[in-house]
Number of protein chains: 4
Amino acid sequence: MGRSARLNKQMRDASTRRILKAALRHFATHGYAGTSVRMIARSAGVSVGLLYNYFPTKADLLGALFEESMRDVQASFASADAAATPSERIERLVRSAFEILEKNRDFWRLSYGVRMQPAVVTGLGKRLEMWTATIQSTLGRYLREAGSRQPELDAALLFALIDGVSQHYVLDPRGYPLAEVADRIVALFTRYVDSTAPDST
Amino acid sequence: MGRSARLNKQMRDASTRRILKAALRHFATHGYAGTSVRMIARSAGVSVGLLYNYFPTKADLLGALFEESMRDVQASFASADAAATPSERIERLVRSAFEILEKNRDFWRLSYGVRMQPAVVTGLGKRLEMWTATIQSTLGRYLREAGSRQPELDAALLFALIDGVSQHYVLDPRGYPLAEVADRIVALFTRYVDSTAPDST
Amino acid sequence: MGRSARLNKQMRDASTRRILKAALRHFATHGYAGTSVRMIARSAGVSVGLLYNYFPTKADLLGALFEESMRDVQASFASADAAATPSERIERLVRSAFEILEKNRDFWRLSYGVRMQPAVVTGLGKRLEMWTATIQSTLGRYLREAGSRQPELDAALLFALIDGVSQHYVLDPRGYPLAEVADRIVALFTRYVDSTAPDST
Amino acid sequence: MGRSARLNKQMRDASTRRILKAALRHFATHGYAGTSVRMIARSAGVSVGLLYNYFPTKADLLGALFEESMRDVQASFASADAAATPSERIERLVRSAFEILEKNRDFWRLSYGVRMQPAVVTGLGKRLEMWTATIQSTLGRYLREAGSRQPELDAALLFALIDGVSQHYVLDPRGYPLAEVADRIVALFTRYVDSTAPDST
DNA sequence: CATGAATGAGCGTTCATTCAT
DNA sequence: TATGAATGAACGCTCATTCAT
């Protein structure tokens, strides 16, 4: 009857994990196009053939990595949504964005490196577009609830700010004042309620 | 310089321009890795051999494109520097950033697509780092002069904001409210003097 | 033979049959080289490992299919041999050739597709050569008995005719007048008896 | 201005010829699927890259070989068409079929090896089908003109006979009595004129 | 200055086969 | 007996780069 189903699953999972880990590391370091499937397989300590047993194409590797991380982001959103006040929702969102970023720097480096390359993003494309649209509209809703007079515009700004900071951080994390920046952003975008000048200290 | 020498130079310049134009178009559309030197040569209407006479490697093409655009940015900085008040310097800088962006969308698309890939950026790397460092410190100086109490932090924020907006715009320019965003950014970062709430309309 | 041994044999036979059936279908449809062992195993509902238990190499699958069909042909020959007159022997041979063809189109499609590729036919080669030699000499004998003045030459012609018709039929059976063709061939090659030499110069 | 156009053409033609020659040899010997592009390039004494300069895909190599040989066949047909009497037309056709066969055994071996593999023949397919249809209908016309009472059926027979003989010859030319077979076929299919119906029932 | 024929390492992918369980 | 995870050589093809002319 072959190996036990449990053992098979264990072997499969172990290999899959190592492959994904190696793929992420290389994609983040050398970019998607600059990484060969051979490099990934060698780093993961498996044969090319086995890699292709689990991921039918190189693009599927990328897809799996995105799938994984989108779950993280979705969880953050859900948690932010549960907060009591509008301001808190915004704060949680911003803070968790940077937490996710720090926790998974390699993935975000990869993500930002790949986003501009339409050929690579094909297939990923639809999901990515929906993703950013969701983020933008959620931000808009939170900001309107928090008293913003131009929630759409503010959402665009906030989103761009988070994205820009994330990229700068990911490009060269050494010495980047991520915590202070986060505080400042939170302050800037949660002060609508008490009509205080948001950028004054 | 004899007549034929001058003619030669003219031809060389014309070819160079055509090559760079074709390179930019393809790099922006298909990415750096996704563009072959052959494609560029054909689009430019020259032979591969000639292209290699002018640009010894594919990376040199990329380098030349960056060189060109850095000159643009430097010019903007110089012009901003000439403004009368600190606030005006900031305003000019922000506005010219977005002007440059609109004028040369292809380049910025390419730039953001390539920035995360160290292998590609090798050689470019040093210059790019210096570039961003200069921008950051100039922004810091302006902001300090404009009354910011945390000019370094504000510079990081402003830089990230400009970069983030630029990328979102370049990813999908249709319907992006670039002008309003610019106004808002200018307002946000030039209000230190009169202590007015920066996000009120 | 104990009960479980018999059961084992039954299972083995059932698997073997399913594997061969699947192999034939795929070989005929996609060609020998275009069919992977995996595809066959999946179609047969067995694991690759089990398939390799029964057929040590891919070529052995092909070999087994040929073996099977050679038995068919041999049976036809034996039956033809039992006929009363030379003409009847020839008629039976021709008719059964086309019966076998219609009954097992997939196999003959495969056979004609593979015949010209020595690398594929290695190992098969010797047996195939002997096979055709036997057919040719049997045909020759029948024709001599039936009164042909050049039995070897006529055998070559008859063999070529059967083979050519078979291939044309198998290439595109729709609308091929197989029955009429058979009648005509029989007529052509059984008229020696009445000593009218329709084909003599 | 680069090499002279003439020299370039010479180089290109020389390489192309060597590549096609090597391709034909290998395809005929090991089959289409069994031949790797590397093998062809090595045999031709060129690099893989150069081969792909001239033949964008492996299938194009096959296509070029077919193109070449179809021209031969078409020429034969034209020449047969010019004959004075129906019988002569048939005779010329049959004889030239076998002449072409002897002159280019490798190609015909390849052709028969490939005909049954739909995947390979894709693209070739349409042309091949038209080709055989043309042959069949031309044969039919000739036979009707020559007095056949069932020209379509006779055409099918004659075509199958030529094809069958060709394949047997090509499979193992040593000792195959091609000349005698040709004579016999000509005799069989040109006797309609004297209104002795040798094949009528 | 200008051409394009020529190179060959490397890419993503497939697949017959092996073997621990 | 039966499984499917694992291997790695080979495939078709691409492409940055060189060089004789």
Side-chain angles (χ1 to χ4, degrees), chain A residues 1-5 7-12 14-16 33-41 45-59 61, chain B residues 4 7-8 11-12 15 33-42 46-59 61, chain C residues 4 7-8 11-12 15 33-42 46-59 61, chain D residues 1-5 7-12 14-16 33-41 45-59 61:
Chain A
M1 264 298 173
R3 263 179 290 243
S4 78
L7 182 53
N8 269 336
K9 192 181 178 336
Q10 268 176 28
M11 291 171 71
R12 229 172 24 238
S15 295
T16 302
T35 300
S36 77
V37 173
R38 272 169 187 77
M39 286 165 69
I40 297 172
V46 302
S47 66
V48 223
L50 187 63
L51 188 155
Y52 272 92
N53 270 0
Y54 299 136
F55 302 96
T57 69
K58 190 186 177 187
L61 273 172
Chain B
S4 76
L7 192 60
N8 269 342
M11 290 171 63
R12 206 166 49 239
S15 292
T35 301
S36 74
V37 173
R38 230 180 204 73
M39 285 165 70
I40 297 172
R42 179 162 4 249
V46 303
S47 66
V48 251
L50 188 61
L51 188 155
Y52 270 90
N53 273 355
Y54 298 145
F55 302 95
T57 70
K58 189 186 178 186
L61 277 170
Chain C
S4 75
L7 192 61
N8 270 341
M11 288 171 64
R12 202 165 53 238
S15 292
T35 301
S36 75
V37 174
R38 230 178 204 72
M39 285 165 70
I40 297 172
R42 180 163 2 253
V46 302
S47 66
V48 252
L50 187 60
L51 189 154
Y52 270 89
N53 272 355
Y54 298 145
F55 303 95
T57 70
K58 188 185 178 186
L61 276 170
Chain D
M1 263 299 172
R3 264 180 288 243
S4 79
L7 181 53
N8 268 337
K9 191 179 180 338
Q10 267 176 29
M11 292 170 71
R12 228 169 26 235
S15 295
T16 301
T35 300
S36 76
V37 174
R38 270 168 187 76
M39 286 165 69
I40 297 173
V46 302
S47 64
V48 221
L50 187 63
L51 188 154
Y52 272 94
N53 270 0
Y54 300 136
F55 302 95
T57 68
K58 189 186 177 187
L61 273 172

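Proteins come first, then strands; the chains are lettered A, B, ... in the order of their sequence lines, and each starts at number 1. This structure is a prediction, so every number in the text was calculated from the model and none was measured.
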For F:dT17, the nucleotide meeting Watson-Crick or G-U wobble distances (both under 3.5 Å) is E:dA6
Atom CE of A:M11 and atom P of E:dT21 are separated, to the nearest Å, by 8 Å
From CD1 of A:I40 across to C1' of E:dT13 the rounded distance in Å is 14 Å
Separation of F:dT17 atom C1' from D:Y52 atom OH, nearest Å, is 20 Å
From CG of A:L51 across to C1' of F:dA9 the rounded distance in Å is 17 Å
When rounded to whole Å, the CG to C1' distance for the pair A:L7 and F:dA5 reads 10 Å
D:R3 CZ to F:dA20 C1', in whole Å, measures 5 Å
When both distances are under 3.5 Å in a Watson-Crick or G-U wobble arrangement, the nucleotide paired with F:dA10 is E:dT13
Which of F:dA16, E:dG4, F:dT7 is nearest the side chain of B:S36? It is F:dA16
The nucleotide from F:dA9, F:dC13, F:dT17 with an atom nearest the side chain of D:K58 is F:dC13
Taking F:dT7, E:dG4, F:dA16 as options, the one with an atom nearest any side-chain atom of D:N8 is E:dG4
Rounded to whole Å, the CG-C1' distance (B:N53 to F:dA20) equals 14 Å
Atom CG of B:L50 and atom C1' of F:dC19 are separated, to the nearest Å, by 15 Å
Out of E:dG8, E:dG12, E:dG4, minimum distance to the side chain of B:S47 belongs to E:dG4
Ranking E:dA5, E:dT7, E:dT13 by distance to the side chain of D:R12, first place goes to E:dA5
(message) Tell me if the side-chain of A:R38 makes a donor-acceptor pair with the base of E:dG10, cut-off 3.5 Å, by modelled atom types.
(response) no
